[in-house]
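Quick note on labels: first sequence line is chain A, next is B, and so on, each numbered from 1. Because the structure is predicted, anything quoted here is derived from the model rather than measured.
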Protein chains: 2
Amino acid sequence: MADVAERAGVSRALVSIVFRDQPGASRETRERVLRVADEIGYRPDNAARLLARGRSRTLGVMFTAHQTFHADLLEGIYGEAERLGYEVLLSATAPGRGEAKAVESLLGHRCEAVIMLGTGAETAELDALGRRTVAVAVGRRVSGARVDSVHTAESKGIRQAMDHLVELGHRRVVHIDGGKGPGSAERRRAYRAAMRRHGLGDEARVIPGDHTEQSGIEAGRLFLAERDSGLPLPTAVLAGNDRCAMGLLMALTRAGVEVPRDLSVVGYDDSHLSHLMPIGLTTVRQDALLMAEYAVRFAVERLDDPDSAPREAVLDPKLVVRGTSGPPPADG
Amino acid sequence: MADVAERAGVSRALVSIVFRDQPGASRETRERVLRVADEIGYRPDNAARLLARGRSRTLGVMFTAHQTFHADLLEGIYGEAERLGYEVLLSATAPGRGEAKAVESLLGHRCEAVIMLGTGAETAELDALGRRTVAVAVGRRVSGARVDSVHTAESKGIRQAMDHLVELGHRRVVHIDGGKGPGSAERRRAYRAAMRRHGLGDEARVIPGDHTEQSGIEAGRLFLAERDSGLPLPTAVLAGNDRCAMGLLMALTRAGVEVPRDLSVVGYDDSHLSHLMPIGLTTVRQDALLMAEYAVRFAVERLDDPDSAPREAVLDPKLVVRGTSGPPPADG
DNA sequence: TACTCGCACTAGAGCGCGCTAGTAGAGCGC
DNA sequence: GCGCTCTACTAGCGCGCTCTAGTGCGAGTA
């Protein structure tokens, strides 16, 4: 910076003004400074900038590497953040790298806020984080913590899916649980409620799982083992999310169970994956773009007014009927 | 920091020593400082740290949000970086956010090196970047640029896949190109060479595409349209990568073309996806973990010795035969 | 005793910027 | 001529830390 100033024949302060696009420099000086900077390859140093300014205008985003829905969200986050003049830093959770680590990394790099995609953290942990910094949880309902949240009305989505299945004639509808995954508790509850509402309370069955393909595969194996020992297959399965649904589909199809003839499958997320099955996945769409926008806006607005009450955006999901759902088999 | 020093009755310098885990502080002072820091919630400020230290010990990683193979790589990168005492910052490319932007963001945050997963940049751009900072390209061969690279021996992988297909009896093997995607040029070349070697030079056919599901879908549509106008289907397709293969599979299966009975499909990457098709995808495995380790090590070693010549790690890929490849139809 | 040595600790410069307070000079009215 | 304002620019402190060059002190050595 000093070099630039000297070469351009101005003070360092003026160079600073030029690079911050602030008024107080004439048109020609501005151009001269920029030209000189370009010549000697000067680029303002972020660390020093942050230090001097006190604010980083950077949002940290924690996500899970293999969660395809997160990739959808990321795109939206980048867009909205740019529009509002914020930078985005990413930190992934992965096997061997827990949420705490990912968040520490973000905070260590001076993010002013942390947006957590699909966190599985306890309310108390979230609250602690929310008190230490600005935090937004996406894809999960949070109550009693100093954290904004953006999620879809899980119950509505599940209800739509259940109505769809029951209308097709299904009765033995099983739910594969999402474990501690975001939204799981609500989905489970909504599933139970819907079953009751349709007079199928006795048929309700929840299989523990999580939001990975693996848990879908395991559930599939379980069903097959049950069938082999004489029990009937469910006629429809409501998976915890699309990845789980994909795993289930794979396990079933490999074993010769035909979807949706023998069994219907419904996912949740409408992630990229959903279009890609040979027969499209019937699923519940969450509007990733809109969720991303809300998340960023919540973070930014709370930065401007840190003491406002935690907010919650609840978006309406929408059932997308594709090829994996159909009438139950005649003997079902 | 000053607060901590005062409360603990020591100088700021000593607090610094304690937090950097450096020798020069007695056991009890160390504990006292840490206790005090904990009490008042002090955490060292990264920006100031970087500024003062001159080094950030942070690696930047550019990746593509929806590229599942990148997620595999990320896990490996985090692991190896941690082992070597480096932090990792992520920046995604996405629609509306090009590579240049992603890289600028990383550099702006003081990453000492940039690891680019699957870059489509020109050699000249890479060279310019390599001169400005330490850069490593993963998944793509780079020559003539001041950049280290890690990739698999594309030609070997393609050759294995082609040998496999020809051995099964295929002759009309078509290649869907990966466009400007990493490794595409080599794969295309290897495909042509393999066809010639098998005496099928006249049958060689490359369809332009890229590394997305969409391009697989389009290729599928093309094949189907050709079939409808009386031309024969290819008997096997070598896709640019797994995502492309998935798209192709979807398009074909929907149209009633049965894989591998009517047509065989081979992918490239052995990403997460490959296991998930109802019939597993025959594909060429790239060892993501090993690639990640090489990438990180190259970056770190070049930081220690910036003037060393660019290095290249070429790993051996391995054909993984699953369910999408079989003998060609009798009339093929 | 006088000296070196090692350990625990401190003073203070400096990292590369942003920002506040201030200056120089041009233009204007009276 | 004077004071006034406005624009274009500058001096220099401070952000929170690291790091070099020290100081002081007790133990070991000649």
Under a 3.5 Å cut-off for both distances, is D:dT7 Watson-Crick or wobble paired, and to whom?
C:dA24
Answer with base, sugar-phosphate or nothing: what part of the nucleic acid does B:Pro23 contact at a heavy-atom distance below 4.0 Å?
nothing
Taking the nucleotide of DNA chain D with the nearest heavy atom to each, does B:Leu51 or A:Arg32 sit closer to the 5' end?
A:Arg32
Calculate the interatomic distance between A:Arg57 atom CZ and C:dG18 atom C1'; express it in whole Å.
15 Å
Could you check whether B:Ala13 gets within reach of a base, just the sugar-phosphate, or nothing at all, counting any heavy atom under 4.0 Å?
base
Side chain of A:Arg12 only, please: which of D:dT10, C:dC17, D:dC17 is the nearest?
C:dC17
Pairwise 5' ranking along DNA chain C for B:Ala52 and B:Gly24, keeping only the more 5' one
B:Gly24
A:Arg20 has its side chain closest, among D:dA11, D:dT18, C:dG18, to C:dG18
Quick check: does any side chain N or O of A:Asp148 sit under 3.5 Å from a backbone N or O of A:Arg311, one acting as donor and the other as acceptor?
yes
Less than 4.0 angstrom between a side-chain N/O of A:Thr29 and OP1 or OP2 of D:dC9, yes or no?
yes
Could you check whether B:Lys101 pairs with A:Glu82 (Lys NZ or Arg NE/NH1/NH2 to Asp/Glu carboxylate O, under 4.0 Å)?
yes
Separation of A:Asp45 atom CG from C:dC17 atom C1', in whole Å?
8 Å
Could you check if a side-chain atom of A:Thr58 sits within less than 4.5 angstrom of a side-chain atom of A:Cys111, using non-hydrogen atoms only?
yes
Find the distance B:Phe19:CZ to D:dC19:P and express it as a whole number of Å.
15 Å
Okay, side chain of A:Arg35, backbone of A:Glu31: is any donor-acceptor separation there less than 3.5 Å?
no
Would you say D:dC9 has OP1 or OP2 under 4.0 Å from some side-chain N or O of A:Ser26?
yes
Judged by atom type as modelled, is there a donor-acceptor pair below 3.5 Å linking the side chain of B:Arg140 to the main-chain atoms of B:Thr119?
yes
Give B:Ser16 one of three labels, base, sugar-phosphate or nothing, depending on what nucleic acid heavy atoms sit under 4.0 Å from its own.
base
Please give, in whole Å, the distance from C:dA8 P to B:Glu31 CD?
14 Å
Base-pairing mate for D:dA30 - Watson-Crick or G-U, with both contacts under 3.5 Å:
C:dT1
Distance, rounded to the nearest Å, where A:Asp3 contributes CG and C:dC17 contributes C1'
14 Å
For atom CG of A:Asn46 and atom C1' of C:dG16, their distance in whole Å
11 Å
Residue A:Arg53, side-chain atoms from C-beta onward, closest of D:dC9, C:dC17, C:dC19
C:dC19
Tell me the interatomic distance from B:Met1, atom CE, to D:dC15, atom P, rounded to whole angstroms.
14 Å
Ignoring the backbone of B:Tyr42, work out which of C:dT10, D:dC17, C:dG16 is nearest its side chain.
D:dC17
Pick base, sugar-phosphate or nothing for B:Arg27, based on heavy-atom distances below 4.0 Å to the nucleic acid.
nothing
Could you tell me the separation between the CG atom of A:Leu50 and the C1' atom of C:dC19, rounded to a whole number of Å?
15 Å
Do B:Glu104 and B:Arg132 meet the salt-bridge criterion of a basic N to acidic O distance under 4.0 Å?
yes
